[in-house]
Amino acid sequence: MPASTRSPAHARRVVRDVLSRVKGGQRFAEHGSLLVTELVTNAVLHGARRGTLIYLRVVLTDTLLLEVHDIGAGLPVPRADLPADATCGRGLLLVQRLALRWGCRPRGEGYLGKAVWCECAPAEEA
């Protein structure tokens, strides 16, 4: 998808669509939508340049793996030093709290940038 302010909403729709087509996928929809929004927003704001592409990978097994690729070289770092009235900068803290685990890696040989990923568990059934 293009690196634009519309990309987080598009990624959210893609994840919800994929999860709606897979048996049991809906159990991941709430956290998966929120997590992909944060990862793609970070890619748009910090990892990509206008006119470049962001890639989204969605893998569903016993957990949901979300992976966002961008051309940025900077590694994401959660910011715990934010003032209480800060209006941005909490995305990775949210990812840390909701995901089972998360991380970042180089995209691979021959590709610029990084892949930021997270894995989440299904929602508890009531």
Side-chain angles (χ1 to χ4, degrees):
M1 68 190 84
S4 84
T5 56
R6 294 182 182 149
S7 296
H10 177 71
R12 197 169 39 250
R13 284 190 301 273
V14 167
V15 167
R16 285 193 176 270
D17 183 55
V18 167
L19 294 175
S20 72
R21 296 170 187 245
V22 178
K23 183 179 179 180
Q26 284 304 107
R27 299 177 306 142
F28 296 91
E30 184 178 345
H31 284 168
S33 295
L34 187 53
L35 289 165
V36 79
T37 299
E38 294 302 330
L39 295 181
V40 171
T41 297
N42 280 349
V44 169
L45 294 177
H46 308 293
R49 291 187 302 267
R50 196 171 228 6
T52 61
L53 295 176
I54 296 169
Y55 297 93
L56 171 62
R57 182 173 172 238
V58 180
V59 178
L60 183 61
T61 57
D62 294 338
T63 60
L64 174 64
L65 172 68
L66 301 167
E67 192 173 85
V68 176
H69 296 237
D70 64 53
I71 63 166
L75 299 178
V77 177
R79 298 192 45 204
D81 61 339
L82 295 170
D85 61 346
T87 58
C88 63
R90 292 189 172 88
L92 283 178
L93 293 174
L94 187 61
V95 170
Q96 272 185 324
R97 299 239 170 137
L98 290 180
L100 294 170
R101 57 184 170 248
W102 76 280
C104 181
R105 63 173 177 77
R107 284 187 66 202
E109 190 174 327
Y111 293 98
L112 294 175
K114 65 186 173 302
V116 180
W117 59 271
C118 69
E119 192 174 358
C120 73
E124 297 289 325
E125 294 191 44

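Both backbone and side-chain heavy atoms feed into the values below; hydrogens, waters and symmetry mates do not.
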What one should report as the nearest heavy-atom pair of Ala29 and Arg16 is CB-NH1, 3.6 Å
Testing the basics here: between Ala11 and Val40, what is the closest heavy-atom pair and its distance to 0.1 Å? CB-CG2, 3.6 Å
Interatomic spacing from SG in Cys118 to CD in Glu67 - rounded to 0.5 Å: 10.0 Å
So, taking the atom named CZ in Arg27 and the one named CG in Leu19, what distance separates them when rounded to the nearest 0.5 Å? 10.5 Å
According to a hydrophobic-cluster definition based on side-chain heavy atoms being under 4.5 Å apart (Ile, Leu, Val, Met, Phe, Trp, Tyr only), do Leu34 and Trp117 belong together? no
Here the gap from Leu93 atom CG to Leu98 atom CG, rounded to the nearest 0.5 Å, amounts to 11.0 Å
For Val68 against Leu56, the heavy-atom pair lying closest together: CG2-CD1, 4.0 Å
Determine whether His69 and Tyr111 satisfy the following criterion, side chain to side chain contact (heavy atoms under 4.5 Å, CB included), listing intermediate values before the conclusion. CA-CA 10 Å; His69 296 237; Tyr111 293 98; over 6 Å; no
Out of curiosity, Leu65 CG to Leu60 CG, how far, rounded to the nearest 0.5 Å? 10.0 Å
Search all heavy atoms of Pro76 against all heavy atoms of Leu92 and return the closest pair with its distance. CB-CD1, 3.3 Å
Distance (rounded to the nearest 0.5 Å) between His31 NE2 and Leu94 CG: 8.5 Å
In Å and rounded to the nearest 0.5 Å, what is the CG to CG distance from Leu35 to Leu66? 6.5 Å
Would a 4.5 Å heavy-atom cut-off, applied to side chains only, mark Lys114 and Asp70 as touching? yes
Does Glu30, at its CD atom, have more than 12 non-hydrogen atoms belonging to other residues, nucleotides or ligands within less than 6.0 Å? no
Please check if the number of heavy atoms outside Arg101 that lie under 6.0 Å from its CZ is greater than 12. no
ILVMFWY network linking Val14 to Val116, side-chain heavy atoms under 4.5 angstrom: yes
If you look at every heavy atom in Ala43 and Ile54, which pair is closest and at what distance? CB-CD1, 3.9 Å
Under 4.5 Å between any side-chain heavy atoms of Phe28 and Val15, yes or no? no
Can you get from Val36 to Val22 by hopping between Ile, Leu, Val, Met, Phe, Trp and Tyr side chains that sit under 4.5 Å apart? yes
On a heavy-atom basis, the closest approach of Thr37 and Ser33 is OG1-O, 2.7 Å
Taking the side chain as every heavy atom from C-beta outward, state whether Thr63 and Thr61 have any pair of such atoms under 4.5 Å apart. yes
